[in-house]
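I have placed the structure first, in the form of structure tokens, so that the comments after it can refer back to it.
These values consider heavy atoms only, across backbone and side chains, with no hydrogens, waters or symmetry-generated copies. In what follows, every chain begins at residue 1, and chains take the letters A, B, ... in the order their sequences are listed.
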Amino acid sequence: MKRERLEHNFYIRDVLDVAPEMPGKSLVRQFDNGSLYRYTILEVEAYRGKEDLACHASKGRTNRTEVMYHAGGKIYVYLIYGMYWMLNFVTGEQDTPQAVLIRAVEGFDGPGKLTRGLQIDSSFYGEDLATSKRIWLEHATEKFDIVRTKRIGIDYAGEPWINKPWRFVGTRQ
DNA sequence: GTAAGGATTGGC
DNA sequence: CCAATCCTTACT
């Protein structure tokens, strides 16, 4: 079994090309105590550009959204409801603010539970997935089928954004 | 400076 | 159904 880290070229593509390829890939986390775990990604959502009213970049380029304007391959984390950190991977070329929200991995079903379980917080903001020593992605070793649905929890964005089928759920083939 | 609200979760 | 909890954003 080949374990190969995903490089920048994987992320520097349109988020709608990257996101459907995420389920099945391994999210690798090396903890401070040296232990290393691999988690298969099961569910993600795509947030695409300043026109997408569900994407935080639609509010403009701010301190919080800054990293989404960078070239793909970095981590975007933010706090929601005062208690949950959301884990996102920036995609696309520089100045195309996009990100993939990781909603579930095997063992942790839900974006808040996932970051709690993997001990991911604000210190991961801007981390480079191609060079980090504590978090990265590796190529998939199994084939997954993808089901597309609407994104969760973004009713405020209105039409047409609430109906975009930009949630990608993977199931083993 | 102040206020409103959220890419969620779990408990009633 | 609804509170928890605090950071980001938009202003009376």
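Atom NE2 of A:His56 is separated from atom C1' of C:dA10 by 15 Å (rounded to the nearest Å). The distance between atom CZ of A:Arg116 and atom C1' of C:dA4, rounded to the nearest whole Å, is 13 Å.
Within 4.0 Å of A:Arg167, counting heavy atoms only, lies no atom of the nucleic acid at all. Using a 4.0 Å heavy-atom criterion, one finds that A:Met86 contacts the sugar-phosphate atoms exclusively. Within the nucleic acid shown, A:Gly110 comes within 4.0 Å of sugar-phosphate atoms alone, with no base atom in reach, counting heavy atoms only. Residue A:Ile154 is in sugar-phosphate contact alone, with no base atom involved, counting any heavy-atom pair closer than 4.0 Å across all strands shown. Residue contacts for A:Arg103: at a heavy-atom cut-off of 4.0 Å it reaches the sugar-phosphate backbone alone, with no base atom in range.
Checked by atom type, the side-chain pair A:Glu45/A:Tyr47 shows a donor-acceptor distance below 3.5 Å. Remark: the A:Trp161 side chain and the A:Glu159 side chain contain no N/O donor-acceptor pair separated by less than 3.5 Å.
For residues 72-83 of chain A, the pairs satisfying side-chain hydrogen bond (donor to acceptor under 3.5 Å, both in side chains) are A:His56-A:Tyr76, A:His70-A:Lys74, with sequence neighbours left out.
Put simply, chain A comes within 4.0 Å of DNA chain B, heavy atom to any atom, from B:dG6 to B:dG10, going 5' to 3'.
Cluster membership for A:Val105 and A:Tyr37, using ILVMFWY side-chain heavy atoms within less than 4.5 angstrom, is shared.
For the pair A:Thr62 and C:dT9, the criterion of a side-chain N or O lying under 4.0 Å from OP1 or OP2 is met.
Here A:Ile75 contributes atom CD1 and A:Phe89 contributes atom CZ; the two are 5.5 Å apart, rounded to the nearest 0.5 Å.
Taking the P atoms as reference points, C:dT5 lies 23 Å from B:dT2, given to the whole Å.
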